Amino acid sequence: MRAPAPTPAPRPGQPVVLRGGTVLPVDARRSVLPDTDVLVVGQRIEAVGPHLDVPEGTAEVDATGGIVMPGMVDTHRHMWQTAMRGYGADWTLTQYFVWYYLEHGRAFRPEDVHAGNLLSAVEALDAGVTTTVDWSHGLQTLDHAEAAVDALEAVPGRFVLAYGNIQAGPWEWSRSPGFRSFVERRLRRSDMLGFQMAFDVTGDPAFPERAAFEVARELDAAVTTHAGVWGATGDDGVRLVHENGFADERTVWVHAATLSEDSYHRIAATGGTVSVSTESEQSCGQGYPPTWMLRSHGIPVALSMDTSVWWSGDLFSAMRATLGADRSREHLEAHVKGDTVTNCHLRADQVVEWATMGGARALGLQDVVGSVEAGKKADLVLLKNDRSPVMFPVLHPYGHVAFQAQRGDVHTVLVDGRVVKHEHELVGVDLPAVRRTVEATVEHLRSALGPEAWERGMNPEVPTTDVLDNPYTYTDFRTAATHSA
Ligand SMILES: [Zn+2]
């Protein structure tokens, strides 16, 4: 028997119906809709329901046995760094800071930012991440910024350029005339490419970041800021932003891991969102992934992957790691008191909500995307993989998304009503061309740094591990055996 020939991908503008899947709308009731169709006409979800009538010429996607969910939203990813995928697998935050701020980050040319963004954008779509915030703090010049936007516009995903520049103070770059005209010219023309300003607040009592916050206010831009990073940003920064009236419901606080109760109260009271990058916080040392604290303060949560220098841009891993870290902490806190957790507070449906609606809300896109509801823009993911023994049975669909599924199970992805991944294949993406540009960037960076520095940067020194004396080690036993022989 021959396998059935693959069906051609639906054309842009062609209506699409996903037939007979288990739909997770991620609505307020956390509904689960078995054997349900989702009809997409133009850019929007036209209808959600059983056995829908569809317009003539509608492309049919068989979603039976699969899960249909909203496209995922990554609220903080340094896309420009993706050309160095995996290089920092053994880094701490200190190594990252030295490498990016002082050494190699400076060597990035505009075309290198372009290469990283392009790869990251394609990777996001492949994994069902339909909206990604490009936390772009490598924009040393306007040419770098042009290159970043060129790459985002070349890929049919939804993006937010969070403009930043680690090589200058935010009070400097934000006030340059070139920055303003760039924003007017290239950003905020549609909900496909949003705009934030990305900078950190050091806690300097003079609060020099005030100037950048004022520019953000004039430009009507939300601010996203790494806050609560052990050894870098902390309570003073949060207090200064709040006391000066710049904390609001559009502020995205990234990590928020090493903070006092007081800071969490300030964040909660002003309605901002925390973007939690659990895998990052676990390995870099910003602090314990904070969802267990955020839950008790009622602070909205969104998820993010931070950077592919360490991790993949894959929100399945983010959901899984976040559930694990939150539950670990809940058990640990209970054990310290001699108690046992008998019911976990954090549920699988909650992390799926954080990965979808939570992200949309953080970006002010809650009425546009983030859930599967008629009238919304059609950013959709079908998880289905008939060749995988992991895709059945689907008994607890939210749990299946969080703990069982992975990027290889992403069968179909739509953004703004357009099919961008079809039957496990990206549509219209020239991956060999992306590979070539990334290889050129790697070659440039390696030669700019020199092979020795390149190797050293990737393989930081390993501290010695003192193995403890073990009273049960039978050294005498061996001696005794020799003697008796
Ligand atoms: Zn970051």
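Just so you know, residue 1 is the first one in the sequence shown, and it goes up from there. Whatever order the structure lists ligands and atoms in, that order sets their numbers, starting from 1. What you are looking at is a predicted structure, and each value in this text was computed from that prediction instead of being measured. All values below were derived from every heavy atom in this structure, side-chain atoms included, with hydrogens, water molecules and symmetry-related copies excluded.
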Fill in the blank from the handout: What lies under 2.8 Å from the Zn ion (ligand 1), restricted to protein N/O/S atoms, is H76 NE2, H78 NE2, H226 NE2, D306 OD1
Exercise for the section: Measure the acute angle between the ring planes of H76 and H226, then classify it against the limits of 30° and 60° as parallel, tilted or perpendicular. Expected result: perpendicular
Practice task
Using a strict 4.0 Å threshold on nitrogen-to-oxygen distance, state whether D126 and R407 make a salt bridge.
Solution key: yes
Handout entry: F213-F199 aromatic ring centre distance below 6.0 Å
Key = yes
Exercise for the section: Salt-bridge test for D150 and R186: reply yes if a basic N is under 4.0 Å from a carboxylate O, no otherwise. Expected result: yes
Exercise for the section: Please work out whether the ring planes of W135 and H137 are parallel, tilted or perpendicular, with thresholds of 30° and 60°. Expected result: perpendicular
Practice task
For residues F182 and Y163, establish whether the separation of their ring centroids is below 6.0 Å.
Solution key: yes
